[in-house]
Enquirer: 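Dumping the structure here so I can ask a few things about it.
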Amino acid sequence: METRTARSDYLLRIFALGFGAGRLPLAPGTWGALEGLLIVFLLDRFLPDGSRLVLGGVCLVLGIAAVWASDQVARTLRNPDPQQVVADEIVGQMTCFLWVPVSAGTLIAGFILFRVFDISKPFPAGRAEHLPGGLGIIADDLIAGIYAGLIMRIASEYLAN
């Protein structure tokens, strides 16, 4: 009989792998980012009035879970940043929508900007990636999400005037 801890460990590891997206053969990080977009879209669709507040809470909870789960999977695989761990992309992608309204245009722009920053790792993301364990796995993607969100926010303010 499985213990409660074993089941929760298993669920967190499944989350670290993006519910299977991390095992897809091509660009698992892109698939993880798309999962993040789906969560943002669903929160906006079903909780439109408080979706940003809820999104902030979801980002916080999933971010903490992602640090732990990513660390566990990295230790198991003996790889400091395994490609199949995509919880970081899920949370990072979601983060960029904390400052902008959700629309078809912002979903597309946010996805592209997040992936560009996630791949290029501008300062301090590249350094953050070298933090120990799961924190390093997640930190660079959170920074990429913040950069993408700030650029979208600035662009939306500029285009509104």
Enquirer: Same hydrophobic cluster for Leu38 and Leu47, using side-chain heavy-atom links shorter than 4.5 Å among ILVMFWY?
Expert: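 Same cluster.
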Enquirer: What I'd like to find out is whether the side chain of Leu113 reaches to under 4.5 Å of the side chain of Cys96, using heavy atoms alone.
Expert: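 Heavy-atom side-chain distance check fails, nothing below 4.5 Å.
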Enquirer: Does the side-chain contact (heavy atoms from CB on, under 4.5 Å) test come out yes or no for Phe15 and Leu62, once each step is laid out?
Expert: CA-CA 9 Å; Phe15 167 62; Leu62 291 183; 4.0 Å; yes
Enquirer: Short question: side chain of Trp31, backbone of Leu26 - any donor-acceptor pair under 3.5 Å?
Expert: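 Confirmed, Trp31 side chain pairs with Leu26 backbone.
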Enquirer: Applying the 4.5 Å side-chain criterion to the ILVMFWY set and letting contacts propagate, would Val85 and Leu24 be lumped into a single cluster?
Expert: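 Yes, same cluster.
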Enquirer: Side-chain contact test, heavy atoms from C-beta onward, threshold under 4.5 Å: evaluate it for Ile39 versus Leu43 and give yes or no.
Expert: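 The answer is yes, as the side chains (C-beta and beyond) meet within the 4.5 Å cut-off.
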Enquirer: Check this for me: Trp68, atom CH2, are more than 12 non-hydrogen atoms of other residues, nucleotides or ligands nearer than 6.0 Å?
Expert: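 Buried by this count: over 12 neighbours within 6.0 Å.
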Enquirer: Could you grab the distance from atom OG1 of Thr95 to atom CD1 of Ile138, nearest 0.5 Å is fine?
Expert: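 So the OG1 of Thr95 and the CD1 of Ile138 are separated by 10.0 Å.
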Enquirer: Same hydrophobic cluster for Leu60 and Val54, using side-chain heavy-atom links shorter than 4.5 Å among ILVMFWY?
Expert: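 No, Leu60 does not connect to Val54 through the hydrophobic network.
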Enquirer: Does any part of the side chain of Asp140, heavy atoms only, come nearer than 4.5 Å to the side chain of Asp118, both counted from C-beta?
Expert: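 Asp118 reaches Asp140 side chain to side chain.
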Enquirer: Supply the atom-to-atom distance Asp81 CG to Asp88 CG, rounded to the nearest 0.5 angstrom.
Expert: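 Asp81 CG to Asp88 CG: 6.5 Å, rounded to 0.5 Å.
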Enquirer: Is it true that Ile119 and Ile112 fall in one hydrophobic cluster, defined by side-chain heavy atoms closer than 4.5 Å?
Expert: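 Shared cluster, no.
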Enquirer: Using the side-chain contact (heavy atoms from CB on, under 4.5 Å) rule, take Thr76 and Arg13 through it: C-alpha gap first, then chi angles, then the decisive distance, then the call.
Expert: CA-CA 10 Å; Thr76 300; Arg13 288 179 185 183; 4.0 Å; yes
Enquirer: Is Asp141 reaching over with its side chain to a backbone N or O of Gly92, donor-acceptor style, under 3.5 angstrom?
Expert: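 Such a contact is absent between Asp141 side chain and Gly92 backbone.
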Enquirer: Is it true that a side-chain atom of Arg153 and a backbone atom of Val100 form a donor plus acceptor pair closer than 3.5 Å?
Expert: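 Not a single qualifying donor-acceptor pair exists.
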Enquirer: How long is the straight-line distance from OG of Ser156 back to CD1 of Ile151, given to the nearest 0.5 Å?
Expert: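 The CD1 atom of Ile151 sits 12.0 Å away from the OG atom of Ser156.
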Enquirer: Verify side-chain contact (heavy atoms from CB on, under 4.5 Å) between Trp99 and Ile146, making sure each step is shown before the conclusion.
Expert: CA-CA 9 Å; Trp99 302 282; Ile146 290 168; 3.9 Å; yes
Enquirer: Val116 and Phe123: same hydrophobic cluster, using ILVMFWY side-chain contacts below 4.5 Å?
Expert: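 No, it is not one cluster - the side chains of Val116 and Phe123 are not joined through contacts under 4.5 Å.
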Enquirer: Looking at Thr106 and Pro101, would you say the former's side chain and the latter's main chain have a donor-acceptor pair under 3.5 Å?
Expert: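 A pair under 3.5 Å: yes.
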Enquirer: Please round to the nearest 0.5 Å and tell me the distance separating atom CZ of Phe19 and atom CD of Glu35.
Expert: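 The distance works out to 7.0 Å.
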Enquirer: How close do Ala66 and Val91 get, counting heavy atoms only, and between which atoms?
Expert: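 Nearest pair, atom of Ala66 first, then Val91: CB-CG2, 4.3 Å.
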Enquirer: Any chance you could measure Ser70, atom OG, to Gln84, atom CD, to the nearest 0.5 Å?
Expert: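 With rounding to 0.5 Å, OG (Ser70) is 11.0 Å from CD (Gln84).
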Enquirer: Can you see which heavy atom on Val67 is nearest to which on Leu135, and at what distance?
Expert: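 Residues Val67 and Leu135, closest heavy atoms: CG1-N, 3.7 Å.
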Enquirer: Looking at every heavy atom in both Gly36 and Met94, which two are closest together, and how far apart are they?
Expert: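 Heavy atoms of Gly36 and Met94 come nearest at O-CG, 3.5 Å.
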Enquirer: Considering all heavy atoms of both residues, which atom of Tyr147 and which atom of Pro124 are nearest to each other, and what is their separation?
Expert: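 Closest approach of Tyr147 to Pro124: OH-CD, 3.0 Å.
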Enquirer: I'd like to check Leu17 versus Val86 (side-chain heavy atoms, cut-off strictly below 4.5 Å). Are they in contact?
Expert: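 Leu17 vs Val86: side chains apart.
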Enquirer: Where do Pro28 and Ala21 come nearest, in terms of heavy atoms and distance?
Expert: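 In this case the closest contact between Pro28 and Ala21 is CB-O, 3.8 Å.
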Enquirer: First locate atom CG of Leu107, then atom CD of Gln93, and finally report the distance between them rounded to the nearest 0.5 Å.
Expert: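 Result: 8.5 Å between the selected atoms.
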Enquirer: One pair to check against side-chain contact (heavy atoms from CB on, under 4.5 Å): Phe114 and Glu89. What are the steps and the verdict?
Expert: CA-CA 9 Å; Phe114 171 73; Glu89 277 86 7; 4.2 Å; yes
